[in-house]
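Each chain gets a letter, A, B and so on, in the order the sequences are listed, and its residues count up from 1.
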Amino acid sequence: MKPSLPKGTRDFGPLQIRKRNYIFDIIKDTFETYGYQPIETPAMEKLETLMGKYGDEGDQLLFKVLNNGDFLSKADQDALSAQDSNKLLPSISKRGLRYDLTVPFARFLSMNRNDLPRIFKRYQIQPVWRADRPQKGRFQEFYQCDADVAGSDSLVYETELMEIYDRVFDKLGIEVTIRVNHRKILAAIAELAGLGNQFIAFTTALDKWDKIGKEGFDGELKKLGCEDGAIEKTLDVITKGYENGKVKQVLESTSAGAEAVKEINQLNKLGAFDGLANKAKIDLTLARGLTYYTGLVFEVEGKNTGLGSLGGGGRYDDLTGIFDYPDISGVGISFGAERIFETLEAQNGFPEFSASSSRVLFMPFDEESLLYSYNWCTQLRNAGIPSEVYPSPDKLKKQFRYAEQIQVPKVALVGEKERTSNVVGLKDQKTGEQRDVELEELMELLK
RNA sequence: GUGGCUAUAGCUCAGUUGGUUAGAGCACCAGAUUGUGGUUCUGGGGGUCGUGGGUUCAAAUCCCAUUAGCCACCCCA
């Protein structure tokens, strides 16, 4: 049988795992620095937990897990004979793979509300699954790294989440722009355009601004039935940008806009835009698709990556309402591990890694030397020094070949000569230098 | 879900207007080389040409169907 993988999934080799861990460790350490606590949730959730949370399109993209056992006899026979997949689904599948980390977090929070601190800061780094068509930088199984705060509407958390974005990308050496906007500003602009009652349609159109530009957006507004005068006003506000004094005035003339401006002022006071290594700016064209955002929204864009966003997030007022746990405000951000990986790969941004962690490989010339080598190796291991032995006295060509394959930095050659004088011939694989060393010195050198 | 491109050795690919035994590089194995590899040289194994059908004296090559992968759109990380 010819081996292959399901669509949109990948294996990770040793070197890739080291590179991925490098990214995850930086993100994790930064989350920890800000006091976020780790949780994990199952790959599978009940389908009822997942369905209806991501819109119709999201429901389509959910992986459903077929029930075990004789699922056909228990299936909805009417739906089955009518070939109605949507109606059939609940009777043949009760579980699905998680689509993101936010909904499982909301479920977790609701279930454990009594055991968690009043304000809960959690992070979670796990794979999620989407039955999307794979393409460049997009997979059906991919990792998200989320940090969320539940139980407080303080802008302190928006501030620290922006700082976390900044720190992580600074440490990774990726230059980014942190785009910030407020859903209530969007509401104010939608009102301005006379599209207050078509808010979602308005935001999806606005979200395309980057791609279709001012003219394209003009057309989208017309399609939505926006009048010429209103279009002009709307385009004027968006092109002039938030920092323009007149624009601020216009926004403040609506109650939603006034609230948003107040929050952004507060964010400024907290220093969210100060002392960052990367650029952060209010961008009126940032919309973010997810419908549950209600306050500030963020998106991180790499410079010239052509990969879309490297992460995003925002404030959602009623995170857990659907799980009978009302009035919990949340704010969170997500890092897209795959795109960060591709960005670093493209700019050669990873440190050098070896596939193996071994610092030395023992190479025995004869059976007697193999035992001698294993004995030395054990002593290194007991001292916490990663090391290994080539398992048979093969030709040196073969042994060196293996040393190269595992990218071990040093080899210890052992033959009769070395044994009798109680040393090994320690050779540096890069420089080719070689000299005899005793066990104690070997340990010192490899520490 | 919509559109486009591709499918030949483990990997990357060549293969002329349809023509005799389908090739290269990399990788793998062995030897040149029984205490010092990475270079070089020699030899070797490995293919139902994605699958099914059709046209033809003859198909990797042309036609139809089908499956899978990639790219773009929608949406997203």
Side-chain angles (χ1 to χ4, degrees), chain A residues 1-10 13 23 27 54-62 85 98-102 125-146 165 176 200 203-205 207-208 210-212 287-291 298-302 305-313 332-343 361 363-366 368-369 390 393-408 410-420 424-436:
Chain A
M1 162 178 150
K2 196 178 179 182
S4 65
L5 284 170
K7 189 197 303 196
T9 67
R10 301 148 294 160
I23 295 171
I27 292 174
Y54 310 104
D56 288 346
E57 187 132 9
D59 286 351
Q60 294 298 313
L61 298 181
L62 274 172
S85 303
R98 75 164 101 76
Y99 180 90
D100 70 0
L101 301 178
T102 308
I125 299 178
Q126 289 192 277
V128 302
W129 294 268
R130 294 182 190 176
D132 206 358
R133 272 230 190 143
Q135 48 184 281
K136 205 185 184 83
R138 284 173 79 165
F139 306 93
Q140 294 203 335
E141 178 186 63
F142 61 97
Y143 275 74
Q144 287 192 328
C145 317
D146 275 30
Y165 265 145
V176 296
I200 302 291
T203 53
T204 8
D207 214 25
K208 294 182 195 158
D210 285 349
K211 268 187 196 161
I212 61 180
R288 301 283 306 156
L290 286 172
T291 46
F298 312 106
E299 187 155 295
V300 178
E301 232 167 51
T305 53
L307 275 174
S309 77
L310 300 177
I333 57 172
S334 178
F335 288 85
E338 322 303 333
R339 291 183 181 178
I340 292 174
F341 185 94
E342 307 236 338
T343 303
L361 170 72
M363 305 200 329
F365 294 156
D366 52 55
E368 189 68 28
S369 301
Y390 191 90
D394 280 351
K395 282 183 182 172
L396 279 185
K397 174 165 176 159
K398 268 194 169 180
Q399 301 202 35
F400 270 116
R401 220 171 130 61
Y402 176 70
E404 228 180 289
Q405 285 173 330
I406 64 169
Q407 299 166 284
V408 70
K410 287 186 166 60
V411 297
L413 296 136
V414 181
E416 195 184 351
K417 202 175 73 189
E418 286 80 10
R419 277 199 328 263
T420 47
V424 296
L426 185 68
K427 180 168 184 172
D428 186 299
Q429 284 290 84
K430 249 199 188 124
T431 63
E433 281 168 40
Q434 181 177 338
R435 70 192 173 88
D436 289 350

Any donor-acceptor N/O pair under 3.5 Å between G69(B) base and Gln135(A) side chain
no
Nearest-Å distance once atom C1' is located in both U61(B) and U17(B):
11 Å
Show the numbers, then the answer: is there a side chain to side chain contact (heavy atoms under 4.5 Å, CB included) between Glu301(A) and Leu310(A)?
CA-CA 6 Å; Glu301(A) 232 167 51; Leu310(A) 300 177; over 6 Å; no
Send over the distance from Lys410(A) NZ to G37(B) C1', rounded to a whole Å.
17 Å
Quote, to the nearest angstrom, the P distance that separates U16(B) from C63(B).
14 Å
So is Arg130(A) actually on top of Tyr99(A)'s ring, under 6.0 Å and inside 45° of the axis?
yes
Rounded to whole Å, CD of Glu301(A) lies from C1' of A77(B) at a distance of 13 Å
Classify Gln429(A) by what it touches in the nucleic acid, base, sugar-phosphate, or nothing, heavy-atom distance under 4.0 Å.
base
I'd like to know if Arg130(A) reaches the base of C75(B) with its side chain such that a donor and an acceptor end up less than 3.5 angstrom apart.
no
How many Å lie between CD on Gln140(A) and P on A68(B), as a whole number?
12 Å
Roughly how far apart, to the nearest Å, are A22(B) and A9(B) at atom P?
14 Å
Closest non-hydrogen atoms of Thr203(A) and Ala287(A), given as atom of the first, atom of the second and distance, are O-CB, 3.4 Å
Of Pro6(A) and Gly311(A), the one whose closest RNA chain B nucleotide lies more 5':
Pro6(A)
Between Ala403(A) and Gly312(A), which residue's closest nucleotide on RNA chain B lies nearer the 5′ terminus?
Ala403(A)
Could you measure between the two P atoms, the one in U6(B) and the one in G10(B), and give it in whole Å?
23 Å
What's Glu141(A) touching, base or sugar-phosphate or nothing? Going by heavy atoms closer than 4.0 Å.
nothing
At 4.0 Å (heavy atoms only), tell me whether Phe139(A) reaches a base, stays on the sugar-phosphate, or touches nothing.
base
Among the nucleotides G38(B), C75(B), A77(B), which one has an atom lying closest to any side-chain atom of Glu57(A)?
C75(B)
Write down the atom of Leu413(A), the atom of Glu418(A), and the distance for their closest heavy-atom approach.
O-CG, 3.6 Å
Using whole Å, what does the distance between atom C1' of nucleotide C75(B) and atom CD of Glu299(A) come to?
13 Å
Rounded to whole angstrom units, what separation is found between the CG atom of Leu396(A) and the P atom of G35(B)?
7 Å
Report the relative orientation of the aromatic rings in Tyr402(A) and Tyr390(A); use parallel for angles under 30°, tilted for 30 to 60°, perpendicular for over 60°.
perpendicular
What's the gap between U51(B) and U67(B) when it is taken at their C1' atoms, as a whole Å value?
7 Å
Distance check, P atoms only: G15(B) and U8(B), in whole angstrom units.
14 Å
Can you check the distance between A14(B) and C71(B), where both ends of the measurement are the C1' atom (answer in whole Å)?
23 Å
Whole angstrom value for the distance that separates P of G1(B) from CG of Asp132(A)
12 Å
Considering only nitrogen or oxygen atoms on both sides, find all protein atoms under 3.5 Å from nucleotides 30-34 of chain B and state each distance.
unit_1, atom_1, unit_2, atom_2, d
A30(B), OP1, Lys398(A), NZ, 3.3

Atom-pair distance (CG on Asp207(A); P on C76(B)), nearest Å:
7 Å
Ignoring the backbone of Lys136(A), work out which of G38(B), A72(B), G35(B) is nearest its side chain.
A72(B)
Base, sugar-phosphate, or nothing: which does Gly415(A) touch, judged by heavy atoms less than 4.0 Å apart?
base
Only counting residues at least two apart or in another chain, list the ones meeting side chain to side chain contact (heavy atoms under 4.5 Å, CB included) with Pro134(A).
Lys7(A), Gln140(A)
Confirm from the modelled atom types if Arg133(A) and C75(B) form a donor-acceptor pair under 3.5 Å, side chain to base only.
no
Report the residues that fulfil ring-ring contact (aromatic ring centres under 6.0 Å, His included) with Phe400(A), sequence neighbours left out, ordered by chain and then residue number.
none
Stacking between Phe365(A) and the base of G35(B) (centre distance under 5.5 Å, interplanar angle under 30°)?
no
Shortest non-hydrogen contact from Gln399(A) to Pro364(A)?
NE2-O, 2.9 Å
What's the closest nucleotide to the side chain of Phe400(A) if the choices are G37(B), G35(B), A77(B)?
G37(B)
With sequence neighbours excluded, tell me which residues meet side chain to side chain contact (heavy atoms under 4.5 Å, CB included) with Glu433(A).
Thr431(A)
Of all the choices, C71(B), C70(B), C28(B), which nucleotide is nearest to the side chain of Pro134(A) once you look at every atom?
C70(B)
Just the rounded figure in Å: distance from C1' of C76(B) to CG of Leu62(A).
14 Å
Answer with yes or no whether Gln399(A) presents, from its side chain, a donor or acceptor under 3.5 Å of a partner atom in the base of U36(B).
no
Trp129(A) to Glu141(A) - nearest heavy-atom pair and separation:
NE1-OE2, 3.0 Å
Identify whether any heavy atom of Lys208(A) sits under 4.0 Å from a base atom; if not, whether one sits that close to sugar-phosphate; answer base, sugar-phosphate or nothing.
sugar-phosphate
Ranges pairing with ranges for RNA chain B, where each run has three or more Watson-Crick or G-U pairs under 3.5 Å:
B:1-7 with B:67-73, B:10-13 with B:23-26, B:28-32 with B:40-44, B:50-54 with B:62-66
Listed by chain and number, what are the side chain to side chain contact (heavy atoms under 4.5 Å, CB included) partners of Asp366(A), not counting sequence neighbours?
Glu368(A), Ser369(A), Arg419(A)
Whole-Å P distance, U36(B) and G23(B)
40 Å
Nearest-neighbour nucleotide for the Ser309(A) side chain, A77(B), G69(B), U36(B) considered:
A77(B)
Could you give me the CA-CA distance, side-chain angles and deciding distance for Phe365(A) and Val414(A), then say whether side chain to side chain contact (heavy atoms under 4.5 Å, CB included) is met?
CA-CA 6 Å; Phe365(A) 294 156; Val414(A) 181; over 6 Å; no
